[in-house]
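Chain letters run A, B, ... following the sequence lines, proteins first and then strands; every chain starts at 1.
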Amino acid sequence: MRYSQYFIPTVKETPSDAEVVSHKLMLRAGMIRKLAAGIYNYLPLGLRSIRKVEQIVREEMNRAGAIELLMPSVQPAELWQESKRWEQYGKELLRFKDRKDAEFCLGPTHEEVITDLVRREVKSYRQMPLNLYQVQSKFRDEIRPRFGLMRGREFIMKDAYSFDVSSEAADISYDKMYQAYRRIFQRCGLRFRAVEADTGSIGGSSSHEFMVLADSGEDAIVSCTACEYAANVEKAEARLFPPEHAEPRELEKVETPQKRSVEEVTAFLGIPASSLVKTLLCVADGEPVAALVRGDHDLNEIKLKHLLGCEELEMASEEVVERVTGAPVGFAGPVGLKIKIVADLVVQGMKNFVTGGNARDLHFKNVNIGRDFTPALIADIRNVVHGDPCPRCEAGHLEMWRGIEVGHVFKLGTKYSESLRATFLDADGKEQVIFMGCYGIGISRTVAACIEQNHDADGIIFPIPIAPFHCIISAVSTKDAEVMAACDELYRALTAVGVEVLFDDRDERPGSKFKDADLIGIPLRIVVGSKNLAEGKVELKYRKSGEVSLLTLAEAVETVKGLVVAALNQ
RNA sequence: CGGGGCGUAGCGCAGCCUGGUAGCGCACCUGCUUCGGGAGCAGGGGGUCGGAGGUUCAAAUCCUCUCGCCCCGACCA
């Protein structure tokens, strides 16, 4: 492709409404343009990267036995009413009516449609296992779209759905997808982790998220230094700490004027945060609950929600706190509380700790479980922290990472097949409910995540497998006929061996070309200038390392070909 | 939805407080020079100042309403 004939509108200045690196760089590199909040045009360069990811996804899905189809983005309300999600999904589901006043929505996901299709067509155990997938635009009317393609309202997603005759068979389908996903992100050239995850509103029994590692990631994840354990912090299990051995001392009241936060109280009393127990008041389905965690730990609301089995869990308002504790916010404690108390596992092992005193400017010292209060439940309700012992092995501890969720696999069980009555006849002629799994990959988000992970001050640094072009040829002077002839030759030779080449034949100054090449992140660059060409040489520069080598034309072609082939076959 | 901010040329911004000829940089067009890390000089085109209403002799500027966008929060396969 000749740059002068192509469409890559790069910009020098960063548009003011971009916050994160991938958004800024995709705008600057001319990959995307915003059409409306959270809705983007994919320009040629951006589309090429998206197509690369799609292609890898298709190949691996097909290899794993999944079959591609395409479902509509507009879906009738009836299906969503049948699965009860018309009510549950909330405003994120964009709804509208057609001319006959019939209700529709833009599909944020396709469980309903696929289940409807399958329940009509799959009647026998002989038709399974079946795994159907599509690559489609999804629409979710996010409360606050942000970060460009990272969290748009419209985005491209690959979603797959597996149908099996039993839970065991569904596990096999799940495992195939899990392995396919590992290969997909490996082939994309991304550093990632597959982590155990909470299933959220999709439901189902278990799930893994695929996280691209990047400091700017919205999710916190942990992995073990010794074994394979890795999990989203939302889900990561904490192991029991060895209990403290200390004689309980006498309960003591202590004045703590104006000292509300953990920092203030511990500084005032001269104790570490780990000697204090925070009492967090929540409201679970309308009922107030006190959650106790060590002063330097954070409550994990998802764990608490699962433990209590409630639908809604929120932090209590000031009024509720005052009503329940009789004190302003900042002085809540378990001693004398009349509501349900849930203590974290770590708190169970603590002795002689500090808590709020349920009165203004008052705390207790030497509080002990059992003597001073009795929790209704003791369970793991905190977020794990860096350095925690691994819950699965003896040797390791947990490391923290930031990650961007690009893929998610779920075992759905029979949640949708039951509500939509997707059944089949087994070998004995008995009616059974189909076991399902669903598997998503945010295609457009993967490109953005890739950029979050791979960039520098000059721009994007694409890994070869998802770069819009593998190689860029920069002609230093377009007026020099020999230079242009050498470029043409390189272009032909590289294209002939399957390398995707962008030939920068623009009549621009070299500096501008180099800046653009760096910005759009083409991994390999061949610079053809008259000085080196007089020696029969061209320059090959690696975008990632900045390394430069002088090569003959033939050597350059061989080297680039070798690098590209190696990267695509990894 | 709560809090904050911004809408002025394609992009980035100044002008607004204190009303009186709409500006700067980049980009774009023409010419000359230049040509290995976003060139220089000269000339040029382009703006209903987000929209509506009001105050005023006069509104980008003051007031009211409205729309859009961004940030923080709650929310989130």
Is there a donor in the side chain of [X] and an acceptor in the side chain of [Y], or the other way round, less than 3.5 Å apart?
X: A:E555; Y: A:T559; result: no
X: A:H23; Y: A:Y40; result: yes
X: A:Q134; Y: A:D159; result: yes

**Request:** Report the residue from A:R445, A:R151, A:R402, A:R146 that forms a salt bridge (charged side-chain N to carboxylate O under 4.0 Å, His left out) with A:E218.
**Result:**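 Looking at A:R445, A:R151, A:R402, A:R146, the match for A:E218 under the salt bridge (charged side-chain N to carboxylate O under 4.0 Å, His left out) is A:R151.
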Counting only side-chain nitrogens and oxygens, does [X] get under 4.0 Å of the OP1 or OP2 atom of [N]?
X: A:S16; N: B:G12; value: yes
X: A:K34; N: B:C70; value: yes
X: A:R144; N: B:C76; value: no
X: A:R509; N: B:G38; value: no
X: A:K12; N: B:A27; value: yes

Looking for any heavy atom pair under 4.0 Å, which part of the strands does [X] touch: base, sugar-phosphate only, or nothing?
X: A:E539; answer: base
X: A:R525; answer: base
X: A:N532; answer: base
X: A:T14; answer: sugar-phosphate

Interatomic distance at [atom1], [N] relative to [M], whole Å:
N: B:C63; M: B:U56; atom1: C1'; result: 12 Å
N: B:A27; M: B:C69; atom1: C1'; result: 23 Å
N: B:U8; M: B:C32; atom1: C1'; result: 34 Å
N: B:G25; M: B:U66; atom1: P; result: 39 Å

**Prompt:** Considering only heavy atoms and no angle criterion, is a donor-acceptor pair shorter than 3.5 Å present between the side chain of A:K541 and the base of B:G36?
**Reply:**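 By the distance-only test, no, there is no pair.
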**Asked** Is A:D458 side chain donor-acceptor paired with the B:G37 base, going by distance under 3.5 Å alone?
**Response**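 It does not, because no donor-acceptor pair links the side chain of A:D458 to the base of B:G37 below 3.5 Å.
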**Asked** Is the shortest side-chain N to carboxylate O distance from A:E319 to A:R323 below 4.0 Å?
**Response**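 No, no charged N to carboxylate O under 4.0 Å.
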**Message:** Partner lookup for B:G7, please. Criteria are Watson-Crick or G-U wobble with both distances under 3.5 angstrom; report none if nothing qualifies.
**Reply:**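 Looking at the geometry, B:G7 pairs with B:C67.
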